[in-house]
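Whatever order the structure lists them in is the order used to number ligands and atoms, beginning at 1. Basis for what follows: all heavy atoms, side chains included, without hydrogens, waters or symmetry-related copies. Positions are given from 1, in the same order as the sequence printed here.
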Amino acid sequence: MPYNRTTLTHFLLQEQRRLGGSGSFTGLITDIIFACKMISHEVNRGALAGNLGMAGSENVQGEEQKKLDVLANDIFLHMNALGGSYAGMASEELEDVHAVHGAADGKYLLLFDPLDGSSNIDVNISVGSIFSILRLPEGCSTINEAAFLQKGVQQVAAGYALYGSSTMMVLTTGNGVNGFTLDNNVGMFLLTHPNMTIPVETKEFAINASRSRFWEAPVKRYIDECQAGKDGPRAKDFNMRWVASMVAEVHRILCRGGVFLYPADSENIKKGGKLRLMYEANPMAFLVEQAGGAATTGRGRMLDVAPTHLHQRVPVVLGSKAEVERIGAYHAEYDAKA
Ligand code: AHM
Ligand code: MG
């Protein structure tokens with residue numbers, strides 16, 4: 001067993017020393033680590049613990065909640081209130097923001113999707129937790145929605161836990177991206193994927209092709225060109241993946257490149273898109289940029305989107321830089337002609 005590896009806690013302490021500041025990444029991340037270990041355990045026990053199936057309730061988005069959605073949300077809320085770093089939290093599963101009682105000194109805000117990709121829970125396919133950390137705005141004394149409405153560029157840290165064939169925590173504090181694998185025997189995340197970097201070029205795309213009849217022309221053009229392979233304008237064959245778990249898709253892209261699209265289409269545009277800006281798109285965009293990739297809405301950098309509401313949805317295009325830029329150019333060409 002490789003006990004010469006760096007633990008996530010030691011990695012955070014090193015980062016803190018390197019930055020020389022008084023900010024405590026360890027304090028901010030420690031409770032997230034606990035929460036994700038607990039969720040990993042519950043996901044892993046699955047049917048044995050009676051964790052599969054529906055909870056019989058709906059979240060703010062009108063989506064039916066799974067038992068594990070509710071359990072993961074409760075774990076995140078409980079664990080992250082304990083350390084006192086967070087003055088407030090917001091979750092995909094909660095309509096309103098959650099003020100942390102007794103955390104008057106909390107200087108940060110935590111946003112999370114406690115269990116993303118939950119359509120995969122009952123069929124034992126990878127799911128994950130996504131989190132984004134913001135500073136509590138200067139002088140803010142009331143924890144309300146306005147306090148959370150900050151652009152993605154203002155994130156202090158972001159990451160995800162992937163509950164896959166192994167459990168991993170992938171994290172950025174604005175200084176690259178590092179991946180840690182949970183060693184269940186000792187209950188610690190160990191550094192296994194230092195300096196994760198997305199290759200600039202790729203031959204792999206991910207999109208829910210069942211929605212192709214709703215796509216806008218630039219998205220259709222991009223996918224058609226990929227599918228035309230060697231004989232088409234790209235002059236190379238592309239492969240396709242769709243896990244329907246954004247965490248798993250982003251993890252694959254961080255490991256071997258690729259591009260992921262959940263674009264606005266003629267159906268989902270009524271809601272602004274499918275994925276949520278504050279606790280899905282922004283943290284993933286921060287990670288992807290820190291790994292040398294790019295993340296946009298198709299029409300502008302994701303991290304520059306000015307949020308208007310907590311559960312706002314956005315179109316998402318992220319991954320290998322050259323592909324994301326190409327998709328952006330196709331949108332710009334199309335818009336210029338419109
Ligand atoms: P969720 O937060 O309700 O699980 O929804 C988000 C998920 C993403 O992980 C994934 O990319 C997408 O929804 C899959 O959507 P679809 O069911 O259209 O394939
Ligand atoms: Mg989600």
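Comment: E280 does not engage R313 in a salt bridge, judged by the lack of any side-chain N to carboxylate O separation of less than 4.0 angstrom. No salt bridge links K66 with E93; every basic N to acidic carboxylate O contact stays at or beyond 4.0 Å. Salt bridge status for E225 with R221: present, with a side-chain N to carboxylate O gap under 4.0 Å. Using a 4.0 Å cut-off between charged side-chain N and carboxylate O, R276 and E92 make a salt bridge. Remark: E323 engages R234 in a salt bridge, criterion side-chain N to carboxylate O under 4.0 Å.
Within the structure, ligand 1 lacks S119 among the residues with a heavy atom less than 4.0 angstrom away. In this structure, E249 does not count as a contact residue of ligand 1, since none of its heavy atoms falls inside 4.0 Å of the ligand. Residue contacts with ligand 1 include E280, since one or more of its heavy atoms lies under 4.0 Å from the ligand. Residue contacts with ligand 1: V247 is excluded, as none of its non-hydrogen atoms falls under 4.0 Å.
Contact annotation: for S118 versus ligand 1, heavy atoms closer than 4.0 Å belong to both the backbone and the side chain.
Taking the Mg ion (ligand 2) as reference, the nearest N/O/S atom within E92 carries the name OE1. In D113, the N, O or S atom that comes nearest to the Mg ion (ligand 2) is OD2. For D116, the N, O or S atom closest to the Mg ion (ligand 2) goes by the atom name OD1. Restricting E280 to its N/O/S atoms, the shortest distance to the Mg ion (ligand 2) is reached by OE2.
Between W242 and F260, the two ring planes are parallel [angle under 30°; tilted spans 30° to 60°].
Just one of Q155, Q150, Q154 meets the side chain to side chain donor-acceptor pair (under 3.5 Å) condition when paired with S132; it is Q155.
In this structure the side chain of I327 reaches within 4.5 angstrom of the side chain of V259, judged on heavy atoms. By the 4.5 Å heavy-atom criterion applied to side chains, Q312 and M278 are not counted as neighbours.
Scanning the protein heavy atoms around atom 3 (O) of ligand 1, the nearest turns out to be E92 OE2, 3.4 Å. Of the protein's non-hydrogen atoms, G117 N, 2.8 Å is the one closest to atom 4 (O) of ligand 1. Closest to atom 13 (O) of ligand 1, if we only count protein heavy atoms, is K274 CE, 3.3 Å. Scanning the protein for heavy atoms near atom 5 (O) of ligand 1, the closest one is R276 NH2, 3.6 Å. If you check which protein heavy atom lies closest to atom 15 (O) of ligand 1, you get Y262 CE1, 3.4 Å.
Listed by atom number, the atoms of ligand 1 under 4.0 Å from S245 heavy atoms are 9 (O). Atoms of ligand 1 lying under 4.0 Å from at least one heavy atom of M246, given by number and element, are 8 (C), 9 (O), 10 (C), 11 (O). Under a 4.0 Å criterion applied to the non-hydrogen atoms of W242, ligand 1 contributes the atoms 14 (C), 19 (O). Of all atoms in ligand 1, numbered sequentially from 1 with element shown, those under 4.0 Å from a heavy atom of L275 are 6 (C), 8 (C). With ligand atoms numbered from 1 in the order given, ligand 1 contributes 2 (O) to contacts under 4.0 Å with heavy atoms of D113.
Not one N or O on the side chain of T296 forms a donor-acceptor pair closer than 3.5 Å with the backbone of R301.
When the shell of 6.0 Å around NZ of K236 is examined, it contains more than 12 heavy atoms from other residues, nucleotides or ligands.
Taking only nitrogen or oxygen atoms, main chain and side chain alike, F260 does not reach within less than 3.5 Å of ligand 1. Every N/O-N/O distance between R211 and ligand 1 stays at or above 3.5 Å.
Counting only N and O atoms by type, the side chains of N208 and S210 include a donor and acceptor under 3.5 Å apart. Side-chain contact, Q16 with T26: a donor N or O sits under 3.5 Å from an acceptor N or O.
With distances taken over non-hydrogen atoms, the option nearest atom 7 (C) of ligand 1 out of D116, V250, N208 is D116.
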